[in-house]
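A quick write-up on the structure given underneath.
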Amino acid sequence: MLDIQFIRDHADEVADKSRQKGYEVDIPRLLELDAERRTRLTQIDVLRKRRNDQAAEFKSQKPSPEQIESGRQLKQELGEREDELARIEADYIQLLKKVPNMPTDDVPVGTSEDENVEVKVWGDKPQFDFEPKSHWEIGEANDWIDKGRAAKVTGARFAYLKGSLVQLQFAIIQFVLDTLTDQELVQKIIDENGLHLLAKAFTPILPPVMIREDVYDQMDRLEPREDRYHIDGDDDNLWLIGSAEHTLGSMYADEILPEADLPLRYIGYSTSFRQEAGTYGKDNEGILRMHQFDKLEMEVFSTPETGLDEHKLLIAVQEYLMQQLGIPYHILLKCTADIGKPNARGVDVEAWLPGQGKYRETHTADYMTDYQARRLKTRVKRGDGTIDLVHTNDATAVALGRVMIGIIENNQTTDGHVRVPDALQKYLGGKTEI
RNA sequence: GGAAGGGUGUCCGAGUGGUCGAAGGAAACGGUCUUGAAAACCGUCGUGCCGGCAACGGUACCGUGGGUUCGAAUCCCACCCCUUCCGCCA
């Protein structure tokens with residue numbers, strides 16, 4: 001949610017930028033409701049003061065029947081006014097929640113993901129003296145991926161992963177955890193990128209994979225619901241998370257953190273669940289688009305001043321990991337239409353997939369400024385005693401399925417095996433090929 | 001699932017109808033003392049909203065929502081969450 005004071009002060013800008021992000025919000029109507037709400041609130045405060053004064057008077061001397069009657073009338077009027085205000089406020093909040101976060105100045109304006117801007121290309125695309133295969137061809141040949149039996153048991157977009165592919169997944173997990181918990185390495189990445197940040201390692205964390213509806217909504221990630229899985233229960237209102245971000249970013253809701261504790265950097269591991277609504281027929285082969293996939297996710301809580309640098313740190317970590325794994329990639333600065341409602345800035349890393357002959361998204365980095373924190377009420381108490389909303393950042397460290405596709409397709413050998421990236425060999429018992 | 005207890009400020013914790021935005025303690029911040037530090041002592045010390053240039057004033061908030069009352073942290077109802085014991089169980 002955006003700060004109403006900011007909207008009052010920058011009404012035109014908010015309307016413009018909301019439109020650029022693809023959200024049509026009636027800002028004049030919102031301001032009208034805001035003004036109405038404030039007028040009513042002032043009137044109600046006057047009535048409340050009268051009630052409080054009266055009550056203070058009655059406590060010292062017994063009220064007469066007439067005084068009790070006037071108090072009763074006051075209560076009734078107050079009740080009516082408060083009901084009116086509640087109705088106005090409900091409309092006001094509903095509209096306020098629709099206003100998206102404002103993009104930072106360097107976010108390109110665009111109307112679809114086609115207008116994302118390529119800002120960097122890394123790595124040489126591998127040259128093969130044979131026709132490169134897709135990951136599903138290699139996966140099936142090696143008995144690593146069984147979608148047929150998964151379809152029987154759970155339906156489309158599920159898979160059994162087997163054998164060496166599973167060991168590869170655990171090797172990547174261990175590699176990433178070792179990397180991000182290494183404070184010296186984090187320091188090195190910060191220094192190399194000229195960031196002004198504390199060298200603090202990431203804390204590994206296993207979050208819940210279910211989330212309460214109210215918290216999901218506060219994170220501003222409940223919509224579109226068609227892409228979420230709801231869990232039916234007698235008295236639970238739980239959803240399956242679509243990303244570890246959902247339960248990581250909300251963990252400090254309603255808390256005021258001491259500034260000395262920041263930044264809080266987490267590396268979470270969890271399964272993610274997505275209905276993939278509206279993707280019928282898209283990416284049906286292989287394991288690129290699944291209803292269920294595992295992911296290592298970074299989440300950072302920071303002061304407002306360091307939020308943007310933390311965002312850049314997360315992108316730098318993504319690059320470091322891809323380079324260590326030797327997967328060619330490029331980076332897209334996402335345009336206004338593609339960054340997402342709570343985002344101020346967003347970047348995608350896309351891996352080169354020789355089997356498909358194109359780049360496909362493997363990572364995303366989202367900078368939310370204080371937009372999520374405002375509704376979650378996650379705040380920081382500064383050294384001088386003032387209270388501010390924290391800034392939140394989340395970013396993929398590794399989406400296991402998609403990164404494994406990158407490894408399989410880029411490192412495939414003539415005889416249909418896969419070369420293990422140097423960085424992972426020690427986690428696979430020294431194996432150089434699977 | 002059964003039984004009991006409980007949710008109060010950054011934290012711990014008192015408070016069963018008006019004198020309570022809330023005792024006391026801790027932490028934090030400022031100061032005195034000290035060569036310095038610790039200790040001791042003094043002081044400051046919740047958040048949101050509305051109005052105001054500001055000092056400040058008003059109002060709301062004691063898990064959430066409703067109710068009773070002239071008046072609710074305190075009484076009633078519902079819900080959420082936590083703890084303990086029993087049952088079941090990876």
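All values below come from the heavy atoms of this structure, side chains included, with hydrogens, waters and symmetry mates left out. A quick note: this is a predicted structure, and the numbers were derived from the prediction, not measured. Sequence lines set the chain letters: A, B, ... in the order given, protein chains first and strands last, and positions in each chain run from 1.
Distance Ile7(A) CD1 to rC49(B) P: 13 Å, rounded to the nearest Å. Residue Ile4(A) contributes atom CD1, which lies 17 Å from atom C1' of rG51(B) at whole-angstrom precision. The CD-C1' distance, from Glu57(A) to rU19(B), rounds to 15 Å in whole Å. Taking atom CG on Leu257(A) and atom C1' on rA27(B), their separation rounds to 16 Å, with Å as the unit. Here rC45(B) presents its P atom at 15 Å from CD1 of Ile387(A), a figure rounded to the nearest Å. Across the protein-nucleic acid pair, Leu41(A) atom CG and rG51(B) atom C1' stand 11 Å apart, rounded to whole Å. One interatomic measurement links the two molecules: CG of Leu389(A) to P of rU47(B), which rounds to 13 Å at whole-angstrom precision. Distance NZ (Lys377(A)) to P (rU64(B)): 10 Å, rounded to an integer number of Å.
The residue Arg8(A) sits close only to the backbone: its heavy atoms come under 4.0 Å of sugar-phosphate atoms, none of a base. Note on Arg374(A): nothing from the nucleic acid sits closer than 4.0 angstrom, heavy atoms only.
Comparing rU34(B) with rC41(B), their C1' atoms sit 13 Å apart, to the nearest whole Å. Comparing rU16(B) with rA54(B), their C1' atoms sit 43 Å apart, to the nearest whole Å. Using atom P as the reference point in both rG24(B) and rU44(B), the two lie 12 Å apart (nearest Å). On the C1' atoms, rU74(B) is 15 Å away from rG67(B), given to the nearest whole Å. Taking atom C1' in both rC62(B) and rC75(B), one finds a spacing of 16 Å when rounded to whole Å. The separation of rG6(B) from rG63(B), taken at their P atoms, amounts to 13 Å, rounded to a whole angstrom. Between the P atoms of rA27(B) and rC82(B), the separation comes to 31 Å (whole Å). Atom P of rG43(B) sits at a distance of 24 Å from the matching atom of rG36(B), rounded to the whole Å.
Considering only residues two or more places apart in sequence or on other chains, Asp16(A) meets the side-chain hydrogen bond (donor to acceptor under 3.5 Å, both in side chains) condition with Arg19(A). Partners of Thr154(A) according to the side-chain contact (heavy atoms from CB on, under 4.5 Å) rule, which considers only residues two or more places apart in sequence or in another chain, are Ala150(A), Phe158(A).
Across all strands shown, rU35(B) forms no Watson-Crick or G-U wobble pair with both distances under 3.5 Å. The pairing partner recorded for rG51(B) is rC56(B), the criterion being a Watson-Crick or G-U wobble arrangement whose two distances lie under 3.5 angstrom. Using the Watson-Crick or G-U wobble rule with both distances under 3.5 Å, rA14(B) pairs with nothing in any strand shown. Under the Watson-Crick or G-U wobble criterion, with both distances below 3.5 Å, rU68(B) has no partner in any strand shown. Checking rA73(B) for Watson-Crick or G-U wobble geometry (two distances, each under 3.5 Å) identifies no partner in any strand. Of all nucleotides present, only rG2(B) satisfies the Watson-Crick or G-U wobble test against rC85(B), with each distance under 3.5 Å. Remark: rC20(B) base-pairs with no nucleotide in the shown strands. Criterion, Watson-Crick or G-U wobble with two distances under 3.5 Å. Remark: rG46(B) base-pairs with rC61(B); criterion is Watson-Crick or G-U wobble with both hydrogen-bond distances under 3.5 Å.
Aromatic pair Tyr367(A)/His391(A): centroids less than 6.0 angstrom apart. Ring centers of His246(A) and Tyr216(A): under 6.0 Å apart, within the cut-off.
Residue order along RNA chain B, read from the 5' end via each residue's closest nucleotide, puts Asp34(A) first among Asp34(A) and Gly71(A). Map Gln5(A) and Arg379(A) each onto its nearest nucleotide of RNA chain B; the residue landing nearer the 5' end is Arg379(A).
Rounding to the nearest 0.5 Å gives a distance of 9.0 Å between CG of Asp3(A) and CG of Leu96(A). Atom CG of Leu389(A) sits about 9.5 Å away from atom CE of Met1(A), to the nearest 0.5 Å.
Near RNA chain B, defined here as any heavy-atom distance below 4.0 Å, the residues from residues 72-92 of chain A are Arg72(A), Lys75(A), listed numerically.
For Thr42(A), the side-chain atoms get nearest to rC50(B) when compared with the rest of rG18(B), rU10(B), rC50(B).
The backbone N or O of Glu276(A) sits nowhere less than 3.5 Å from a side-chain atom of Lys282(A) that would complete a donor-acceptor pair. Using modelled atom types, one side-chain atom of Lys21(A) and one backbone atom of Gly340(A) make a donor-acceptor pair closer than 3.5 Å. In this structure a side-chain-to-backbone donor-acceptor pair under 3.5 Å is missing from Glu299(A) to Tyr266(A). Although no hydrogens or angles enter the test, the distance criterion places no donor-acceptor pair under 3.5 Å between the side chain of Arg419(A) and the main chain of Ile434(A).
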Please list each protein N or O that sits under 3.5 Å from an N or O in nucleotides 57-62 of chain B, with the distance.
residue: rG58(B); atom: N2; partner: Asp45(A); partner atom: OD2; Å: 3.4
residue: rU59(B); atom: O2'; partner: Asp45(A); partner atom: OD1; Å: 2.9
residue: rU59(B); atom: O2'; partner: Arg48(A); partner atom: NH1; Å: 3.2
residue: rA60(B); atom: OP1; partner: Arg51(A); partner atom: NH2; Å: 2.7
residue: rA60(B); atom: OP2; partner: Asn52(A); partner atom: ND2; Å: 3.4

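Note on residues 255-264 of chain A: pairs passing side-chain hydrogen bond (donor to acceptor under 3.5 Å, both in side chains), not counting sequence neighbours, are Glu259(A)-Arg382(A). Identified under the salt bridge (Lys or Arg N to Asp or Glu O under 4.0 Å) test for residues 167-176 of chain A, with sequence neighbours left out: none.
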